Novice: 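Here it is, the structure, as structure tokens.
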2 protein chains.
Amino acid sequence: MAPRQNPRRIIGRLLDIFRCEGYDGATLTTISNGIGLGRASFYHHFPGGKSDMARAAFDRASRDFTRAVLAPLAGTAPPAERLQGMVSGLDTFYDGGRGACLIDVFSMGGARDLFHEEISEAVAYWMEAIARVLVDVGFQPEEARRRAEDAIIAIQGSLIIARATSQTETFRRVLSQIVINLMSDAPAKAA
Amino acid sequence: MAPRQNPRRIIGRLLDIFRCEGYDGATLTTISNGIGLGRASFYHHFPGGKSDMARAAFDRASRDFTRAVLAPLAGTAPPAERLQGMVSGLDTFYDGGRGACLIDVFSMGGARDLFHEEISEAVAYWMEAIARVLVDVGFQPEEARRRAEDAIIAIQGSLIIARATSQTETFRRVLSQIVINLMSDAPAKAA
DNA sequence: GTCTATAAGCAGATAGAC
DNA sequence: GTCTATCTGCTTATAGAC
């Protein structure tokens with residue numbers, strides 16, 4: 001039984017499992033069964049053990065998030081299109097509301113001390129990226145940050161409700177309103 | 001060393017620990033140290049072990065939530081006062097943004113199967129309680145539910161951001177806007 | 001109602017064969 | 001690169017003294 005796993009697939013599955021079970025809830029046995037690889041084999045890929053696995057999952061999520069969500073915001077397209085690009089990326093990144101966010105999952109229990117600083121920075125970075133688009137639309141920096149924060153809050157909150165109620169309508173409704181809410185009452189001098 | 005603990009205090013501390021560490025992250029040793037009671041002593045108070053402890057913490061949270069948040073909504077005061085009563089209760093219940101919500105914490109890992117149904121019902125019940133107030137203000141039921149859902153999303157999302165960034169300004173800002181957002185553009189026939 | 005002592009099992013982690 | 005076997009420590013849980 002040694003069908004030589006694709007490292008890329010392993011990390012993807014690790015991310016799925018940590019998102020669903022949390023850091024403390026994901027045991028090596030859970031992970032082993034979920035991936036179809038013996039417990040010991042993980043120490044070849046991740047010499048540092050479980051924390052290394054979580055690190056790899058976190059880095060994968062960061063890269064995916066940058067590509068799907070942050071990159072569209074930084075483009076040169078018109079502001080509304082950039083925001084809509086973020087929304088499409090969010091739908092993909094959170095699997096239509098079925099996937100949890102590591103900002104939530106890795107900020108409690110044993111993962112908190114491992115990722116707290118990076119999570120805090122990720123939130124700040126995401127918020128600034130949205131705010132910059134709104135400044136381009138003509139909003140004052142302070143108002144832009146406030147609206148960006150509201151958007152992030154709505155995403156995170158709707159993911160909690162999606163998980164709590166086992167449905168995705170809420171997440172999809174929030175996504176569909178994000179751009180409208182961010183741009184409402186935009187200053188006349190909008191680009 | 002047997003200063004006979006107050007059961008009420010034990011459950012309160014259990015709730016604090018589960019909120020912070022999560023179900024899987026809270027070990028009996030963590031709990032024992034956090035409360036100052038030997039591991040074995042818990043089996044006198046909670047014969048079913050850890051799941052019984054989580055159950056007691058969940059029930060305590062449910063009761064606290066009903067008293068602090070739901071009760072004001074059901075009163076006979078004017079709608080705006082009832083909503084403001086909920087906001088005050090939320091500030092207390094979530095300790096000004098420092099305390100996590102079990103809707104979040106107990107919906108992943110080993111606690112998910114234990115509490116999923118009750119958590120789902122709690123969200124629905126809370127939403128209906130807010131929506132009823134908005135219907136009293138003159139909103140159509142559908143619009144009332146949508147606004148209620150947005151309010152809950154904002155609370156949950158701001159708690160995530162509060163925990164992720166170790167600050168409470170966001171939570172307090174969201175709280176301060178809840179009533180305004182819920183009541184904005186209320187129909188003329190408002191009571 | 002709390003404690004000490006201990007059981008039984010599972011956690012994360014390692015050694016070494018293939 | 002994966003496996004089997006094993007180790008150590010920690011986890012939940014129990015028995016029984018005080």
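Predicted model, so just to flag it, every value in this text is computed and none were measured. Reminder, nothing fancy here: chain letters follow the sequence lines and each chain counts from 1.
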Novice: In whole angstroms, how far is the P atom of C/dG1 from the CD1 atom of B/Ile11?
Specialist: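 One finds 13 Å between P of C/dG1 and CD1 of B/Ile11, rounded.
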Novice: State plainly whether the residues B/Arg173 and A/Asp150 are in salt-bridge range, i.e. N to O under 4.0 Å.
Specialist: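 Answer for the salt bridge query: yes.
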Novice: Establish, with yes or no, whether the OP1 or OP2 oxygen of D/dT2 is under 4.0 angstrom from a side-chain nitrogen or oxygen of A/His44.
Specialist: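 A/His44 to D/dT2 OP1/OP2: no side-chain N or O under 4.0 Å.
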Novice: Mind listing the closest non-hydrogen atom pair of A/Phe139 and A/Glu143 along with its distance?
Specialist: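 Reported closest heavy-atom pair: CD2-CG, 3.7 Å.
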Novice: Can you measure A/Leu114 atom CG to C/dG12 atom P for me and round it to whole angstrom units?
Specialist: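 Interatomic distance, CG of A/Leu114 to P of C/dG12: 13 Å.
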Novice: For a quick test of reading the model, state the closest non-hydrogen atom pair linking B/Ala131 to B/Ala144 and the distance between them.
Specialist: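 Here B/Ala131 and B/Ala144 meet closest at O-CB, 3.6 Å.
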Novice: NE2 of A/His45 versus P of D/dG1: gap in Å, rounded?
Specialist: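 One finds 6 Å between P of D/dG1 and NE2 of A/His45, rounded.
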Novice: Within residues 46-56 of chain B, which residues have any heavy atom lying less than 4.0 Å from an atom of DNA chain D?
Specialist: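 Result for residues 46-56 of chain B: B/Gly49, B/Lys50, sorted by number.
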Novice: Does the distance from a Lys or Arg side-chain N to an Asp or Glu carboxylate O, for B/Arg13 and B/Asp16, drop under 4.0 Å?
Specialist: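 Salt bridge: yes.
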Novice: Which whole-number value in Å describes the distance from A/Tyr43 OH to D/dT6 C1'?
Specialist: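 Distance check: A/Tyr43 OH to D/dT6 C1' gives 13 Å.
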Novice: So, does B/Ser41 get its side chain near the phosphate of C/dC3, meaning an N or O under 4.0 Å from OP1 or OP2?
Specialist: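 For B/Ser41, the contact criterion (side-chain N or O under 4.0 Å from OP1 or OP2 of C/dC3) is met.
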Novice: Of A/Pro7 and A/Ala40, whose closest DNA chain D nucleotide lies nearer the 5' terminus?
Specialist: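 That would be A/Pro7.
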Novice: For the rings on B/Phe58 and B/Phe18, is their centre-to-centre separation under 6.0 Å?
Specialist: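 Centroid separation for B/Phe58 and B/Phe18: 6.0 Å or greater.
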Novice: Any ion pair linking A/Glu117 and A/Arg112 (charged N to carboxylate O, less than 4.0 Å)?
Specialist: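 Answer for the salt bridge query: no.
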Novice: Can we say B/Glu118 and B/Arg55 salt-bridge, meaning some charged N sits less than 4.0 Å from an Asp/Glu carboxylate O?
Specialist: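 Salt bridge between B/Glu118 and B/Arg55, a charged N being under 4.0 Å from a carboxylate O: yes.
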Novice: Provide, to the nearest angstrom, the distance between the CZ atom belonging to B/Arg39 and the C1' atom belonging to D/dG9.
Specialist: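 Those two atoms, CZ and C1', are 12 Å apart.
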Novice: Does B/Arg163 come within less than 4.0 Å of B/Asp104, counting only side-chain N to carboxylate O?
Specialist: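 Salt bridge: yes.
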Novice: Are the charged groups of A/Glu149 and A/Arg146 less than 4.0 angstrom apart, N to O?
Specialist: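 Between A/Arg146 and A/Glu149 there is no salt bridge, as every charged N stays at least 4.0 Å from the carboxylate O atoms.
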Novice: Can you list, by residue number, the residues of residues 16-35 of chain B that have a non-hydrogen atom closer than 4.0 angstrom to DNA chain D?
Specialist: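 Contacting residues: B/Ala26, B/Thr27, B/Leu28, B/Thr29.
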